[in-house]
Amino acid sequence: MEREDFNMPLSLKRLQVRDAFWGDEMELVRTEVIPYQWEALNDRVENAAPSFCMRNFKLAGRMNRERLEKGALFQEPEYCFRGFEALPEDPAHLEDRFYGFVFQDSDFSKWIEAVAYSLASHPDPALEGIADQAIEIVCAAQQKDGYLDTYYILNGRDKTFTNLKDHHELYCFGHLAEGAVAYYQATGKDRLLNAARKFADYIDSYFGPGEGKCKGYPGHEIAEMALVRLYEATGEKRYLALARFFIEERGKQPYYFDQENPEEARKHPHMLRYHYYQAHLPVREQKEAVGHAVRAVYLYSGMADIARLTEDESLFEACQRLWRDITGRKMYLTGGIGATHIGEAFSYPYDLPNGTAYAETCASIGLVFFARRMLGISPRGEYADVMERALYNGILSGMALDGKSFFYVNPLEVNPEACRRDERKSHVKAVRQKWFGCACCPPNLARLLGSLGSYAFTENQDTLFVHLYMGACIQKDIGGKQVRVFLESNFPWEGRVVARVCAKGTGFRLALRIPGWCSGFSLTGCSQQEREVKDGYLYIRKQWGEEELLELDFPMEVRLMASHGQVRENAGKVAVTRGPLVYCLEEADNGKNLHQLLLDAQGSYKVQEEEICGKTVNSVAFPGYRRKQGENSLYHVYAREELLPVSLKFVPYYMWANRGENEMQVWVTVKNEKELG
Ligand code: FUB
Ligand code: ZN
C-alpha cells in the first residue's frame with residue numbers, strides 16, 4: 001500500500017456528466033426521482049406504502065418545542081417497543097407516535113444526500129428551498145445533548161443505545177452524517193452538518209476506548225464510513241478515531257451484543273447469530289463474506305477507509321480477502337449480492353439461485369462503495385469492472401425507466417405466478433413497487449446515481465483516473481495549473497471513447513481503464529513510449545500540447561458467459577452479455593414459458609438498435625429453439641424432444657419489467673447438439 005498512489009473521488013463541482021446514458025439517468029433523478037421521493041417521505045403518494053419519515057421528524061420537533069414551553073410540566077414519553085416496524089392500528093387516525101421501521105429517519109438522510117449531489121451539478125433555488133425547509137424540520141427534532149433519532153426521541157430516551165444490535169441508531173447517524181456532509185459540500189450551508197457533528201460528538205462521548213465508555217459498535221454498519229467522511233470534511237480527528245474504534249471492537253470476545261442483551265444471548269447461545277452482523281470474529285480474522293449483505297459491504301467499505309487513512313496493511317489484506325470471496329464466489333453476473341432472502345444475506349459459496357435471489361439493490365450499491373474504496377487504495381481494473389457490472393445491471397434494474405417505481409430484490413429469473421403464489425418467492429416482485437414500508441433502496445439509488453461522477457473519476461496528485469466511461473467535462477488542478485479533459489462516449493452501446501485533453505505544461509497523467517470484458521483495444525493520439533498498461537489501466541503521460549485528442553476503441557462483442565461448475569442452477573446454461581451489459585429474455589419479446597427456450601451457441605447473433613419504452617437500446621437476437629409442448633402427463637418415458645427453431649430476443653437486464661408484468665430469464669439452456677433432436 002503506497003500513500004502517494006491513493007486516489008480520491010473527484011469533487012462533483014469540478015466535473016459535469018454530459019452523457020446520453022448516465023446523464024439521462026441523472027437528469028431523471030433530478031427531475032423525477034427527487035421530487036417523487038419527497039412526496040413519498042411525506043406520505044403523499046397515492047396507493048404507496050406510507051413512509052412516516054417526515055411525520056416522525058415533525059412530531060419530534062413539536063415535542064421539543066413543548067418541552068421548552070412546558071418545562072418541568074412536560075411529560076417525557078416512556079419507551080415502548082412496538083416491533084421493528086410500528087404501524088398505526090387505524091391508518092385513518094394516526095396518533096402522536098413513531099411509525100415506520102426503526103430506521104425510518106435514514107430515508108430523509110439519503111434523500112437530502114441525493115438533493116445535494118443534484119444541487120452540486122445543477123443549482124436549483126426551488127429545490128434548495130425545499131431542502132432547507134426539510135433540514136429545519138430535522139434539526140428541530142435534535143435533542144439538547146445532540147441526540148437525533150426520532151425512534152427513541154418519540155418512544156423515550158431512557159432506552160437510548162440499549163439495542164445497538166437491532167435498533168439502528170448508529171445507522172441513522174451514519175446516513176445523517178453522509179447527507180449532511182454532501183449538503184454542506186454542495187451548498188456551503190452547515191446547518192445540517194452542525195447537527196450531524198453534534199450528534200457525532202454525543203456518540204463520541206458515549207462510545208470509545210476510555211474508561212466508563214460503552215464498548216459497543218453498530219448492529220448495522222455505515223457509521224464507520226460516515227465518520228470517516230465527517231472526519232475528511234471537518235478535519236476532526238475524534239471522528240476518525242471513533243470509526244476505527246468501531247471497526248476494531250467488532251467481533252471481539254466477549255461479544256458486546258451478548259453483554260447488551262444477556263437474556264437473548266442465553267436464548268440464542270450459538271455464535272452463528274453474529275455472522276449476520278459480521279460480528280462473529282475480529283475483522284482481520286474474517287475470511288468469508290457472511291451475513292446480511294448490505295451490512296457486510298458497508299462494513300468492508302469502512303474497513304477500506306480506515307486501512308487507507310491509517311495505512312494498515314493487515315486491514316487492507318482482510319478487505320482483499322473479503323473482496324475475493326464476494327466477487328469470486330458469491331456475486332451474481334449482474335453484480336447482485338446476497339443470495340438468500342433469509343436474513344437478506346450471503347449464503348454459501350457458489351449458491352446463486354436465480355429465481356429466489358435476493359440481490360438487494362442496496363447491497364449492490366454497497367458493493368460499489370466497497371469497490372471505489374479498494375480502487376482508491378489500489379487502482380486495479382477488477383474493482384472498477386465490478387463497479388461497472390453492478391451499476392449497469394443489478395443497480396439500475398432497481399428503478400423503472402420513469403423513475404417512479406423500484407425493485408428492492410433483483411432476481412435473475414422471474415415467473416410472476418410464482419411470485420404471487422409461492423411463499424418461498426414472496427420477496428420477489430414481478431413489477432416494481434411505488435414505495436416500500438422499508439424503503440432503503442429507492443433513496444439509496446438516488447444518492448448513488450446523483451454522485452456517479454465521483455465513482456467514474458478519481459484523482460491523485462498528477463493523475464486523473466477514468467474508471468467508467470461516460471461523456472463528461474472534468475477539471476483538475478496540478479500545482480495551480482489547470483487541466484481540462486472532455487470525454488465523449490456512447491457507452492454502453494458502443495466502445496468508442498474520445499478524450500480531448502488540455503494539459504499543456506502540467507505533467508498530467510491520464511489513466512484509462514481497460515474494461516475486463518474487452519479482449520483488446522485500440523488507441524490513437526499517443527505513441528507506444530507515452531503509454532503503459534498496468535493492472536487493467538492504460539496510463540498515458542506525454543508532453544501535452546494545447547489540446548490533444550485521444551481515441552480509444554473497446555470492441556463490444558457479444559459474449560456468452562458460463563458459470564463456475566459449482567453454480568448448480570446454471571449448469572448447461574449461458575447468459576448473453578455485451579460490453580458492460582447483461583441481457584435477458586422477456587416474455588414480452590419471446591412469449592411465455594421462457595424455461596422452454598434453448599440457445600444455439602454456435603449460431604450467429606445480431607445486435608439491433610431499436611426503441612423500447614421510448615429508449616433507444618441495442619437488443620441481441622440469437623438463433624434458438626423452443627421445446628415443443630410434449631406429453632400431457634406429469635411424468636412419462638423420455639423421448640427425444642422436438643424443437644422448433646425460433647429467434648431469441650435479448651434485452652438489457654436493467655430495463656426488464658418496464659412493459660408490464662411478465663416472465664424474465666437471464667440464464668438460458670444451451671442446445672446440446674448431441675443430446676437433443
Ligand atoms: O436495515 C436497514 C436496511 O433495511 C438494510 O440495509 C436493508 O437490507 C433493509 O433491511
Ligand atoms: Zn435496500
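Order of appearance sets the numbers: ligands from 1, and atoms from 1 within every ligand. No hydrogens, no waters, no symmetry mates; every other heavy atom, side chains included, goes into these values.
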Under a 3.5 Å threshold, yes or no: a donor from one side chain and an acceptor from the other, between [X] and [Y]?
X	Y	answer
Tyr79	Arg157	no
Glu344	Tyr408	yes
Thr361	Asn444	no

Work out the angle at the Zn ion (ligand 2) between SG of Cys440 and OE2 of Glu360, rounded to 10°.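 It is 90°, given to the nearest 10°.
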Vertex the Zn ion (ligand 2), rays to SG in Cys362 and SG in Cys441 - rounded to 10°: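 With the Zn ion (ligand 2) as the vertex, SG (Cys362) and SG (Cys441) sit 110° apart.
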Under 4.0 Å to a heavy atom of [X] - the qualifying atoms of ligand 1, by number:
X	value
His292	5 (C), 6 (O), 7 (C), 8 (O), 10 (O)
Val294	6 (O), 8 (O)
Cys438	4 (O), 9 (C)

Is there side-chain contact between Tyr277 and Asp166, with at least one heavy-atom pair below 4.5 Å?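 Answer yes - side chains close enough.
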Non-hydrogen side-chain atoms of Trp323 and Tyr383 separated by less than 4.5 Å: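 Sidechains of Tyr383 and Trp323: in contact.
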What is the closest protein heavy atom to [atom], and at what distance does it sit?
atom	value
atom 5 (C) of ligand 1	His220 NE2, 3.4 Å
atom 3 (C) of ligand 1	Tyr171 OH, 3.8 Å
atom 1 (O) of ligand 1	His168 NE2, 2.7 Å
atom 10 (O) of ligand 1	Glu344 OE1, 2.7 Å
atom 7 (C) of ligand 1	Glu360 OE2, 3.2 Å

Going by heavy-atom distance to atom 9 (C) of ligand 1, choose the closest among Phe101, Tyr408, Phe103.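 Considering heavy atoms of Phe101, Tyr408, Phe103, the nearest to atom 9 (C) of ligand 1 sits in Tyr408.
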Does this structure show an ion pair linking Glu113 with Lys110, if we count only N-O contacts that are shorter than 4.0 Å?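 Answer for the salt bridge query: no.
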Would you call Arg424 and Asp422 a salt bridge, taking side-chain N to carboxylate O under 4.0 Å as the test?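 A salt bridge links Arg424 with Asp422.
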Can any side-chain N or O of Arg321 pair as donor or acceptor with the backbone N or O of Arg284 at less than 3.5 Å?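 Between the backbone of Arg284 and the side chain of Arg321 there is a qualifying donor-acceptor contact (under 3.5 Å).
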Test of understanding: given a 4.0 Å heavy-atom threshold, classify the contact between Tyr298 and ligand 1 as side chain, backbone, both, or neither.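 It is neither part, as no heavy atom is under 4.0 Å.
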Region of Ala363 that comes within reach of ligand 1 [heavy atoms, distance under 4.0 Å]: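 Contact part for Ala363 vs ligand 1: neither.
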When only distance counts, is Arg295 in polar contact with ligand 1, meaning an N/O pair under 3.5 Å?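 No, there is no polar N/O contact under 3.5 Å.
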Please report the C-alpha distance between Arg244 and Glu224 in whole Å, then the side-chain angles of each, then the deciding distance to 0.1 Å, and finally whether the salt bridge (Lys or Arg N to Asp or Glu O under 4.0 Å) criterion is met. CA-CA 7 Å; Arg244 193 175 186 182; Glu224 301 81 352; over 6 Å; no
Least distance between heavy atoms, Ala60 atom then Ile153 atom: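 The pair with the smallest heavy-atom distance is CB-CG2, 3.8 Å.
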N, O or S atom of Cys438 closer to the Zn ion (ligand 2) than 2.8 Å: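 Checking the Zn ion (ligand 2) against Cys438, no N, O or S atom falls under 2.8 Å.
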